[in-house]
Amino acid sequence: MKATDLRGILEYSARFRDKIFVLNVDSEVLAADNFHNLLLDISVLRSLNIKIVLVHGASHQIRILSQEMNVPASDMGGMGITDEPTLRLAILAANRLAHEILEGLSDTDQRAVVSNAIIAHPAGILNGVDQQWTGQVERVDGDFLKRLLEAGIIPVISPLGFDGNGKTYRVNSDGVALEVSEALKAEKLMFLSTSNGLRSAGKLSAQFSVEECRNFLRDHRSALPPEMTSKLEHGIRACENGVSRVHIIDGRQDEALLTEIFSSEGIGTMIHANEYVAIRSAKKKDAGVIQDLIRESVATQQLLPRTRKEIARDIADFYVFEIDNTVVGCVGLKLYRDATPSAAELECLFVSDAHANQGIGRKLMLFVEDRARSLGCKQLLALSTQAFNYFQQKGGFREATPDMLPHERRLKYDQSGRNSKILLKDLS
Ligand code: ARG
């Protein structure tokens, strides 16, 4: 582990102390080998004073019970009609699961209770079809849950709702988790499911703003499995109603939960209502951080060596890419004083390995390009020994010759002996 990782962990543990995290654990995850590790990770969160509410699903176990008992279920996934035999299966499955969760939590020395905090009413007739014992969450007894949390107790919440007249309804756990996180003004809603969300589907899906996620759903809904759509939709609603961040992670993967929470890049897919990434001007105190960041690239001769002093002296030329207050990338923009037409050089572009392939380099490039344009530059140059393809493909630069460099820069270029390629982009 590097010191920078530790800085990240400390940043997040301070940020999340005393906050409420609602974990919605899919029924497959409860049945997986990793479940015990997950409980250990929950103890880690508790030791940092993070308050945990554990919501769980039951469909996997309802399916198994239905086969074992030879009782056909009217719906498996928790999104359809619940007839009476299925309600009985659901109650049985939910109680067994809640008991297993309590056992596991006892095993890791944590206090927990199963409650009747979910108040539900019948979902009623949808599109002309009576949903029978399928319920809709009407209200969450947030007061009750808060008191438990204040006392250091973990509320365990099954996908069942009570109507206040002695009746129980089967409710969808994604819906329950959403309502609970809203009622408690949770910091996070985390779906512990069977995949890392959309992370594997493409590079840009590691995180979304609410707006990006809405657009993504609009364009890709038909290609997504219904469980994923449900999580994204519930996630968007949570973020619209006060939850800062929603995460989808693979609960069966060892350490996924802790990696998502304590690293800046995470492991799953996140929807964020609050600021996550930013590009800003570097400050004096960033000089050491920038030097650490580019050290390896300097060693492999990709970037020019710079002392901390030199970086500090030229700090006004630098910009950093920050994720949750941790610097993960940098770029410089140096104006040529003696160039006609006026021009500048993009320099020292770097993104840390852990954050590679997420389009951060491109964002930094575009940022600097805009900046150069607004400073009246007509040309942007870049010198590169190893990334010239990148500049051409991602940045729209073309190869140029050293005589394109203004006089002063040309002298330095010749002295350095690096023989970098010269890349040029006309700014209009
Ligand atoms: N650790 C931070 C958090 O819990 C950031 C997680 C980022 N995750 C992601 N999939 N991009 O809020």
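Both ligands and their constituent atoms are indexed starting at 1 by order of listing.
- A distance-only check finds a donor-acceptor pair linking the side chain of Gln61 to the backbone of Ser27 [under 3.5 Å].
- Between the side chains of Arg362 and Tyr390, no donor-acceptor pair of N or O atoms lies under 3.5 Å.
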Open item on the list: Applying side chain to side chain donor-acceptor pair (under 3.5 Å) to Tyr276 and Asp324, what does each step give before you reach the verdict?
Closed with: CA-CA 5 Å; Tyr276 176 55; Asp324 281 344; 5.6 Å; no
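- Counting protein heavy atoms only, atom 8 (N) of ligand 1 is closest to Glu260 OE2, 2.9 Å.
- Less than 4.0 angstrom separates some heavy atom of Gly268 from each of these atoms of ligand 1: 10 (N).
- Numbered from 1 in the order shown, with element, the atoms of ligand 1 that lie under 4.0 Å from a heavy atom of Tyr12 read 1 (N), 2 (C), 5 (C).
- A distance of 10.0 Å separates NZ of Lys146 from CG of Asp141, quoted to the nearest 0.5 Å.
- Contact annotation for Arg245 and ligand 1: only side-chain heavy atoms (C-beta onward) come within less than 4.0 Å of the ligand.
- Between His121 and Gln136, the side chains place no donor N or O within less than 3.5 Å of an acceptor N or O (distance only, hydrogens not considered).
- Note on ring orientation: taking the six-membered ring where Trp is involved, the planes of Phe16 and Phe21 are perpendicular (angle over 60°, cut-offs 30° and 60°).
- For the pair Ser74 (side chain) and Asp83 (backbone), a donor-acceptor distance under 3.5 Å is present.
- Tyr169 is listed as a side-chain neighbour of Lys167, based on a closest heavy-atom distance under 4.5 Å.
- Scanning Phe21, Phe16, Phe262, Tyr276 for the heavy atom closest to atom 7 (C) of ligand 1 points to Tyr276.
- Atom 11 (N) of ligand 1 has as its closest protein heavy atom Gln207 OE1, 2.6 Å.
- At under 3.5 Å, a nitrogen or oxygen of Ile261, whether backbone or side chain, sits near a nitrogen or oxygen of ligand 1.
- Counting only non-hydrogen atoms, the option in His247, His272, Gln358, Glu265 that gets closest to atom 9 (C) of ligand 1 is Glu265.
- Judged by the shortest distance from any of its heavy atoms, Arg199 lies inside the 4.0 Å radius around the atoms of ligand 1.
- When non-hydrogen atoms are compared, ligand 1 lies under 4.0 Å from neither the backbone nor the side chain of Phe208.
- Counting protein heavy atoms only, atom 3 (C) of ligand 1 is closest to Lys188 NZ, 3.3 Å.
- Atoms of ligand 1 found under 4.0 Å from any heavy atom of Ser264, numbered from 1 in the order shown, are 5 (C), 7 (C).
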